[in-house]
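One structure is given here, and the rest of the page talks about it.
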Amino acid sequence: MSTSGLRLVWVYPDLLSTYGDQGNVLVVERRAQQRGLRVERVDVRSDQPLPTSGDIYLIGGGEDRPQRLAAERLLRDGGLTRAVENGAIIFSVCAGYQIIGHEFINDLGERQQGLGLLDVISERGTGARCVGDVLGDIDPQLGLPQLTGFENHQGITRIGPAARPLAQVRLGNGNGTGDGTEGAWNGTVFGTYMHGPVLARNPQIADLLVKLTLDVNALPPVDDRWYEALRTERIAAATAPA
Amino acid sequence: MADSTQPLSARAKFAVTAGKAAAAVSRAAGRGSGSVIGGKVALRVDPELLARLAGHLDVVLVSATNGKTTTTRLIAEALRAGGPVVSNALGANMPAGITSALSGGAEARYGVIEVDEKYLTTVAEDVHPKIVALLNLSRDQLDRAAETRMLAERWREGLQDSKATVVANADDPLVVWAASSSANVVWVAAGQEWKDDAWSCPACGGVMHRPDDTHWACGECGFGRPAPTWVLSHGQVIDPHGSAWPIRLQLPGRANQANATTAAAVAATFGIHPQVALQRMESVAAVAGRYDVVSYQGRDIRLLLAKNPAGWLETFSLIDPAPAPVLLSVNARGADGTDTSWLWDVDYTRLAGRPVAVIGDRRLDLAVRLEVANVDFGVYDTLDQAIAQLPAGRIEAIANYTAFQDLRRIVGN
Ligand SMILES: [Zn+2]
């Protein structure tokens, strides 16, 4: 962690903040502050250089054209790659998830190069859009409770040998590959299709990001009453017959 | 247009009758006003009915993400100074509902029609509007609606070949981009508090620069704010001659002053003086229950509808200051969109220091949102429990679409 406190970077809110993913920034910020950490939040627009000294980088979802523009600008900037080399944590959602992989299909229907920070390749599905509540079991290596989220995408993301699925879905589509995988992770780089926003539905993932930053195994407890009530309700709603 | 009162064909007459019969059956069955089902039946009998019904009217179409029902109402009141008006006043804003509303307009001179954003282009092709009023475009119902910029693009293509005069908000970049394909635009500086859907230039994708509260321009291609001829300024409408006319609405808030400014600009294109238009708008107290103050369980409750982040932002700016109690209700049923993540695009820190009670199907989503915003709140299962816990004072009740309908039903509005 940088000496000034936890440095939280929100990547390109002008292009990638369509689906309430700003909530992920707010949840990490709040939960870190509740642990007595000083949080320096940096919102970086797509015409500004990305700082390379951040601790946690959050990348949200977005529409198809902004996704193309964001990928172009991130690739040209190069800052995110250097940040990962410096040990930074990346947490990306939906369009952001596709961007940090090797390639995706852009709004023009073309293959577009991503940042290659996560060993995944995305394409566009031809079936119905995946919309609805998702329930999954998070990779046991991460030691986290069930994943709950809301998906809204048409992407299909295949995971290569250098990454692992973030979760195995019980309900919903996740990566859209039909094998039940959802999201991907490798070391300090995470990607998911889950909205909700996902860190509001799964505050334990937000805490994981903070723990990885601080290199600690545990954090002081905070009042999780409302998060737990919401999780219980959403998990019950996902499992109830429609 | 207004003088070409061509009689309806036999088929069109039958379609109108069939539609009215279906509406009556629907009403009798307790399914609401029946206007939508009536319109559907009529359109099935005569697919060109909408065009025929509008043939003798001077038509104004009103579209936006927020404020279209209210603005439609304000324009209708203003135009009544010039002749009878037919309007879809209750907000049934897709082709069937519009058809149903217009079928009662044989004697009208003006048709003032609210149109759902997605149907603006197709309805405009049918009814050949004289005026298209565009207020704003922002994110709404994420899991169903087309992307916001795609909507702007559809508007842009549709308006390109229209003969209508477009009365458009110069302060919303997406609206400006959509409207500027038209040869004839009246720009209105109506303001737009919500800016988060317009940081990326709709024309080229460059980053939008906002040197001050008013101006905006793309850093890449130079696309920027056009010079307005009508301006909302400190509660007054400034007309193209520079004369200022005070807005004295019963409806609260800056957004409704913006709606009145647009309505005055529309009325002026029909020769109605802004002073006359604005005076007529003063009669509007509530629109489909919105802004109504009701008495329930011994408490005064003001009913406020906010369906999306931009709407919530405008609503926060009009509610009574702290410590006025606030009630929030959010659902995520079909008509609301089933995704609640938009709650995180609303700045709930604006409620800090107020007593806040939370109800609705998705009260727990809202609870987590408020917890993270560090706002004190209580969560309740019912409206009655919530208002029993709120301290004295008029309650500002803010709800999204179906939650608002629930509130109205409970309080008997
Ligand atoms: Zn531009």
Side-chain angles (χ1 to χ4, degrees), chain A residues 12-31 33-34 45-48 61-66 68-70 72-73 93 107 129 131-133 149-152 194-201 203 222-234 237, chain B residues 138-153 195-210 218-220 308-309 332 337-349 358 361-375 377-379:
Chain A
Y12 293 0
D14 55 320
L15 294 174
L16 299 173
S17 73
T18 308
Y19 295 100
D21 297 312
Q22 168 176 205
N24 292 329
V25 184
L26 296 171
V27 169
V28 174
E29 187 178 22
R30 168 88 168 139
R31 295 180 70 85
Q33 283 168 342
Q34 285 176 307
R45 289 195 330 203
S46 67
D47 61 345
Q48 298 169 330
E63 301 177 352
D64 292 347
R65 191 172 93 129
R68 166 167 56 89
L69 300 171
E72 285 169 2
R73 291 170 198 176
V93 176
D107 61 320
R129 207 173 164 82
V131 180
D133 272 296
F150 189 93
E151 65 182 337
N152 179 7
M194 296 299 99
H195 296 290
V198 62
L199 299 185
R201 295 267 198 107
V222 293
D223 182 358
D224 277 339
R225 186 170 34 135
W226 293 113
Y227 294 99
E228 286 306 322
L230 174 63
R231 284 177 60 78
T232 304
E233 181 200 88
R234 294 331 299 162
Chain B
S138 69
R139 60 189 67 180
D140 187 41
Q141 302 183 5
L142 293 177
D143 57 328
R144 309 192 318 156
E147 297 176 346
T148 311
R149 185 186 166 278
M150 299 268 284
L151 268 178
E153 185 152 352
K195 298 182 171 61
D196 286 359
D197 285 306
W199 283 107
S200 179
C201 171
C204 80
V207 175
M208 208 62 94
H209 292 266
R210 295 178 183 274
C218 170
E220 303 266 324
N308 47 49
T338 54
D339 183 4
T340 55
S341 60
W342 60 268
L343 289 170
W344 294 80
D345 291 321
V346 179
D347 182 12
Y348 286 100
T349 61
V358 174
D361 295 351
R362 300 305 289 269
R363 53 193 179 276
L364 294 178
D365 291 79
L366 199 44
V368 171
R369 177 69 192 92
L370 294 172
E371 202 289 319
V372 171
N374 204 10
V375 170
F377 61 92
V379 177

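Note that the structure is predicted; figures quoted are calculated from it, not measured. Chain letters run A, B, ... following the sequence lines, proteins first and then strands; every chain starts at 1.
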Check: Where on Q34(A) is there a heavy atom nearer than 4.5 Å to chain B: the side chain, the backbone, both, or neither?
Finding: side chain

Check: Which one, L230(A), D14(A), D133(A), V27(A), leads in non-hydrogen pairs under 4.5 Å with chain B?
Finding: L230(A)

Check: At their closest point, which heavy atom of D345(B) faces which heavy atom of G20(A), and how far apart are they?
Finding: OD2-N, 3.4 Å

Check: Non-hydrogen atoms of chain A under 4.5 Å away: do they reach the side chain of R363(B), the backbone, both or neither?
Finding: neither

Margin query: Can you tell whether the side chains of D64(A) and R149(B) come within less than 4.0 Å, N to carboxylate O?
Written below: no

Check: Does D365(B) have any salt bridge (charged side-chain N to carboxylate O under 4.0 Å, His left out) partners at least two apart in sequence or in another chain, and if so, which?
Finding: R362(B)

Margin query: Regarding D107(A) and R65(A), does a basic nitrogen lie under 4.0 Å from an acidic carboxylate oxygen?
Written below: no

Margin query: Report which part of N24(A) has an atom under 4.5 Å of a heavy atom belonging to chain B: side chain, backbone, both, or neither.
Written below: neither

Margin query: Taking every non-hydrogen pair under 4.5 Å, which of V346(B), V379(B), T340(B) racks up the most with chain A?
Written below: V379(B)

Next item on the list: Name the region of R73(A), side chain, backbone, both or neither, that has any atom closer than 4.5 Å to a heavy atom of chain B.
Entry: side chain

Check: Can you tell which of R234(A), E233(A), R31(A) has the highest number of heavy-atom pairs within less than 4.5 Å of chain B?
Finding: R234(A)

Check: Using non-hydrogen atoms only, which part of P66(A) is less than 4.5 Å away from chain B: side chain, backbone, both, or neither?
Finding: neither

Check: Would a distance-only check, ignoring hydrogens and angles, find a side-chain to backbone donor-acceptor pair under 3.5 Å from R231(A) to P203(A)?
Finding: no

Notebook entry, point to check: Where on R225(A) is there a heavy atom nearer than 4.5 Å to chain B: the side chain, the backbone, both, or neither?
Noted result: neither

Next item on the list: Test the R210(B)-W199(B) pair against the cation-pi criterion, namely NZ or CZ under 6.0 angstrom from the six-membered ring centroid and within 45° of the ring axis.
Entry: yes

Next item on the list: Below 4.5 Å from any heavy atom of chain B, which atoms of L26(A) appear? Answer side chain, backbone, both or neither.
Entry: both

Next item on the list: Go through the structure and list residues passing side-chain contact (heavy atoms from CB on, under 4.5 Å) with T349(B), not counting sequence neighbours.
Entry: D347(B), A373(B)

Checklist line | Nearest heavy-atom neighbours spanning G205(B) and L69(A) | finding: CA-CD1, 3.5 Å

Item checked: When D196(B), L370(B), L343(B), N374(B) are compared by non-hydrogen pairs under 4.5 Å with chain A, the top option -> N374(B)

Margin query: Is R68(A) close to chain B through its backbone or its side chain, or both, or neither, when contacts mean heavy atoms under 4.5 Å?
Written below: neither

